[in-house]
Peer 1: 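Quick one: structure below, then a few questions.
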Number of protein chains: 2
Amino acid sequence: MTAVGGSTRTDERKGCGRLTGSARPTSRDVARAAGVSQATVSLVLGGKWHGRVSERTAHAVRDAAGRLGYRPNLAARNLRLGRTRTALMVVPALTNDYFARVYTGAARVAAEHGFGVVLYPSPAGVGPARDPFGSAQAAIDGVIASSMAADALAGIGGGELPLVMLDSGPAAPGGPPTVDLAVADGMRQVVRHLVGLGHRRIAHVAADIDAWTFRVRTATVAAELAGVPGAVLTSERCPLDVDAARAAALRALRPPAGQARPTALLCDGDLLAAGACKAARSLGLRLPGDLSVTGFDDFALAAALDPELTSVRLPAEDVGARGMTALLALLDGEAVDSVELPVDLVVRDSTAPPAV
Amino acid sequence: MTAVGGSTRTDERKGCGRLTGSARPTSRDVARAAGVSQATVSLVLGGKWHGRVSERTAHAVRDAAGRLGYRPNLAARNLRLGRTRTALMVVPALTNDYFARVYTGAARVAAEHGFGVVLYPSPAGVGPARDPFGSAQAAIDGVIASSMAADALAGIGGGELPLVMLDSGPAAPGGPPTVDLAVADGMRQVVRHLVGLGHRRIAHVAADIDAWTFRVRTATVAAELAGVPGAVLTSERCPLDVDAARAAALRALRPPAGQARPTALLCDGDLLAAGACKAARSLGLRLPGDLSVTGFDDFALAAALDPELTSVRLPAEDVGARGMTALLALLDGEAVDSVELPVDLVVRDSTAPPAV
DNA sequence: CCGCTCAGGTGTTACGTATAACGTCTACGG
DNA sequence: CCGTAGACGTTATACGTAACACCTGAGCGG
């Protein structure tokens, strides 16, 4: 290899045809301005120049970069490095603040490790099925998906990207690691709270949604109440919607002749509970004296309602944080365990002992 | 023939969390498999081969690409093309569904033009100030920012990326195009509704937030009521928070001795209205008989409350759609006009004529 | 038989970055 | 005065794609 050629400046003819307009400066432009090679610019600005570049040169480079307003082209960096230090979070909807809190937790942990997080709401039906994330994956190292069925993620980058699933149910062996909430335990706490207050006739307003977390809620209520002597459980299913819940609650509160009205409405979510409260009021029932109502999720809505809702608080930030921690470990090639986080009942004003 | 050795299934070791990912196939691999050059693969898969590549060859290429499970490297494509067909939407918070609906509208229009949209919540204080979008801008052609002050976006990619601002107030001359809502008109509709019902003593529960939309709301209420003979306006400022609103409403409902209690609470947002309702109930007032309450924004919350809230519906999807349309035009180098969209009062059950 | 066109491709380059591998110059011990 | 080890940079290259310029026969009119 004889590289001693007389070409002291190889970059000379670089900007020949290019007019000196406002094209974004590249590292080569910085190099020219600082009188060094492009590689040196890369070293200095990459922060790994200690002992390889003199302080004086490094300063010249940084000075030139600042003068030119240089900002590295991240697409080129991503191509070169094969990684982007960015994660994609997929959420089923933006409507409720649970996901906002999950995002917050994930973003915090990511930022601590120099990672960014972008969000991709997955409105079912938008975008080609085989390419669920559209062009988002151009700059993505891994994915955190919340509340999605495993098969809905089949198309994800050909299954090549590291993936962590949140709120998706027990981890499948060999599948991606998961972060879940102890939903069943939360529901048990609700049931025990009501039973402890003396309620025996309980109506369950159940979300008619085919997602793990709701199946668990329904199943747990039935299983837990089955162990209570004298307990009577009725059940009404409805979509996750205030008006639908109102209708369902009305059905539950007008039992067939000969049956007594339930003394408590146990709802699968705060939204449903809001509907249930409206139904109760429209029947002239007073809360919680005539009827107890419970929610789940503890949205901001829960505290905004009147009476404030007894609900189950979900540690959303922790879910996001643990999920991001898991993803980062995955990216480091480490083995990651799935985890289940505890939840807590928050007793407020919508529950009381039943009227005698 | 080229080496197609029996690699029917490339990756077999998924256990232990180690994601080997045996080198994603590149367009060159596809070319080898199809017996053509890489350039031809690019032509065929790029969809611009009509009249330049025979149908037979094109089929062979697509077949090979399918067999190998080829997916183009978007980082490389972005680098080559200098554009990404992806927009970044910046929102101040994920908590309310206004932004969800804005996103939905923007994503729909984007999808119609082969664009994707990723979301970047901008939690104030997260991320270095000079680099507000972190690594998100690696694959971004333009930005749609909602409800942000113009100067908060100063650091945006060095100000180089096309930008559209939503809900940010009147467009600055020479600044980015904007999409705004006729917030002032909406507030006027609320005031006229209340005045028309007969209300004269009105308390304004104002959001104490330095954003254009809230400043306008406050100013409009005052201006509009100033033109009503005999109208008495009091005002309480508070953070955008249910509990704070409750406290503020309590102050408004307990006027100094000698002054009559307002007959209506005009709130800057549905969240504040929710707090106001709680305050009213805690004082034993009945809605809307003893007190009228109005919201703004028409969140899902508005219909979930009891009584259902009279509020102002914002055409959020339209805002997103128009914003994306503007951004796409901007990317095409076209001139774009700022626009203001109308809003509509939705009268529900929380307003009524004042008690005599 | 020549030259022209045109379909049907191929070779090559450039995008901007990071880094491995390799020079060169100085200082210094032996 | 040579050998050698830093200190200090540089050259060359690869990442995967898209697009430009070119190449090669075949058909065809003259």
Side-chain angles (χ1 to χ4, degrees), chain A residues 1-18 23-32 34-61 65 68 70-85 135 137-139 160, chain B residues 21 23-32 34-61 65 68 70-85 135 137-139:
Chain A
M1 283 286 187
T2 65
V4 196
S7 69
T8 57
R9 275 286 175 273
T10 52
D11 296 342
E12 243 174 328
R13 44 181 315 190
K14 199 68 193 105
C16 224
R18 188 85 64 184
R24 219 164 109 163
T26 73
S27 63
R28 221 180 305 261
D29 296 326
V30 175
R32 251 195 304 270
V36 299
S37 77
Q38 177 265 329
T40 302
V41 173
S42 192
L43 278 177
V44 171
L45 267 39
K48 32 192 91 166
W49 55 281
H50 300 281
R52 305 179 56 78
V53 176
S54 73
E55 182 64 55
R56 214 162 62 96
T57 306
H59 182 74
V61 168
L68 296 181
Y70 168 73
R71 295 176 57 83
N73 180 319
L74 296 181
R77 173 180 291 169
N78 290 347
L79 174 61
R80 174 64 226 246
L81 293 179
R83 61 191 163 73
T84 65
R85 303 191 78 77
S135 45
Q137 53 182 298
E160 295 153 358
Chain B
R24 229 164 99 158
T26 74
S27 62
R28 222 180 304 265
D29 296 326
V30 175
R32 254 194 301 271
V36 299
S37 77
Q38 179 265 330
T40 303
V41 173
S42 191
L43 277 179
V44 172
L45 268 39
K48 33 192 92 168
W49 55 280
H50 301 282
R52 306 181 55 77
V53 177
S54 72
E55 181 65 53
R56 215 163 60 95
T57 307
H59 187 274
V61 167
L68 295 181
Y70 168 73
R71 294 177 59 82
N73 180 319
L74 296 181
R77 172 180 291 170
N78 291 347
L79 173 60
R80 178 61 232 250
L81 294 180
R83 61 190 162 74
T84 65
R85 302 192 77 77
S135 46
Q137 55 182 298

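Protein chains get the first letters and strands the later ones, always in sequence-line order, with residue 1 at the start of each. Everything numeric here is computed off the predicted structure, so don't read it as measured data. Just the heavy atoms: all of them, side chains too, but no hydrogens, waters or symmetry mates, feed the values below.
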Peer 1: Base, sugar-phosphate or nothing for B/Leu81? Non-hydrogen atoms, less than 4.0 Å.
Peer 2: sugar-phosphate
Peer 1: If I compare all heavy atoms of A/Pro72 with all of A/Arg24, which pair ends up nearest, and what's the gap?
Peer 2: O-NH2, 3.0 Å
Peer 1: Is any side-chain nitrogen or oxygen of B/Arg77 closer than 4.0 Å to OP1 or OP2 of D/dA18?
Peer 2: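 True: B/Arg77 side-chain N/O within range (under 4.0 Å) of D/dA18 OP1/OP2.
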Peer 1: If you pin B/Arg80 and A/Arg83 to their nearest nucleotides in DNA chain C, which one's is more 5'?
Peer 2: B/Arg80
Peer 1: For the residue pair B/Val61 and B/Val36, what are the closest heavy atoms and their distance?
Peer 2: CG2-CG2, 3.9 Å
Peer 1: Between A/Trp49 (CH2) and C/dT19 (P), how many Å, whole number?
Peer 2: 17 Å
Peer 1: Just compare D/dT10, C/dG11, D/dT17 and give me whichever is closest to any side-chain atom of B/Ala39.
Peer 2: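 Per side-chain heavy atoms of B/Ala39, the pick is C/dG11.
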Peer 1: Of the candidate nucleotides C/dA14, D/dG9, C/dT17, which contains the atom at the shortest distance from the side chain of A/Arg28?
Peer 2: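 From the listed options, C/dT17 comes nearest.
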Peer 1: Atom NE2 of B/His50 and atom C1' of C/dA7: how far apart are they, to the nearest Å?
Peer 2: 15 Å
Peer 1: Select base, sugar-phosphate, or nothing to describe what B/Ser54 touches, counting heavy atoms under 4.0 Å on all strands.
Peer 2: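 Here B/Ser54 touches the backbone only, sparing every base.
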Peer 1: Report yes if a side-chain nitrogen or oxygen of A/Thr40 is closer than 4.0 Å to either non-bridging phosphate oxygen (OP1 or OP2) of D/dT10; otherwise report no.
Peer 2: yes
Peer 1: What are the two closest non-hydrogen atoms of A/Ser27 and A/Val41, and how far apart are they?
Peer 2: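 So the minimum-distance heavy-atom pair works out to O-CG2, 3.8 Å.
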Peer 1: Taking OP1 and OP2 of D/dA18, is either one under 4.0 Å from a side-chain nitrogen or oxygen of B/Lys48?
Peer 2: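 Answer is no, no contact under 4.0 Å.
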Peer 1: Does B/Ser37 have a side-chain nitrogen or oxygen under 4.0 Å from the phosphate oxygens OP1 or OP2 of C/dG9?
Peer 2: no
Peer 1: What is the distance, to the nearest angstrom, from the CG atom on B/Leu43 to the C1' atom on D/dA18?
Peer 2: 8 Å
Peer 1: May I have the distance from A/Leu45 (atom CG) to C/dT19 (atom P), rounded to whole angstrom?
Peer 2: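 Rounded to whole Å, this separation is 13 Å.
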Peer 1: What is the distance, rounded to the nearest whole Å, between atom CZ of A/Arg71 and atom C1' of C/dT17?
Peer 2: 16 Å
Peer 1: Could you tell me whether the phosphate oxygens of C/dG16, OP1 or OP2, come under 4.0 Å of any side-chain nitrogen or oxygen in A/Thr26?
Peer 2: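 The answer is no; no side-chain N or O of A/Thr26 sits under 4.0 Å from OP1 or OP2.
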Peer 1: What's the separation between atom CZ in B/Arg28 and atom OG in B/Ser37, rounded to the nearest 0.5 Å?
Peer 2: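 So the gap between those two atoms works out to 10.0 Å.
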Peer 1: For D/dG9, does the base pair up with any side-chain atom of A/Arg52 as donor and acceptor (N or O, under 3.5 Å, distance only)?
Peer 2: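 Indeed, a donor on one side and an acceptor on the other fall under 3.5 Å apart.
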Peer 1: In whole angstrom, what separates A/Arg56's CZ from D/dG9's C1'?
Peer 2: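 Between C1' of D/dG9 and CZ of A/Arg56: 13 Å.
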Peer 1: Is there side-chain contact between B/Asn73 and B/Thr26, with at least one heavy-atom pair below 4.5 Å?
Peer 2: no
Peer 1: How long is the line joining CG of B/Asn78 and P of D/dA18, in whole Å?
Peer 2: 10 Å
Peer 1: Locate the shortest heavy-atom distance separating B/Leu79 from A/Ala76; write the atom from each residue and the value.
Peer 2: CD1-CB, 3.6 Å
Peer 1: C/dC15 P sits how many Å from A/Gln38 CD, rounded?
Peer 2: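 After rounding, the gap between these two atoms is 12 Å.
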Peer 1: Which nucleotide, D/dA18, C/dG9, D/dG16, lies nearest any side-chain atom of B/Thr57?
Peer 2: C/dG9
Peer 1: Once you apply a heavy-atom cut-off of 4.0 Å, does B/Val36 come out as touching a base, just sugar-phosphate, or nothing?
Peer 2: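 Sugar-phosphate, backbone atoms only, no base.
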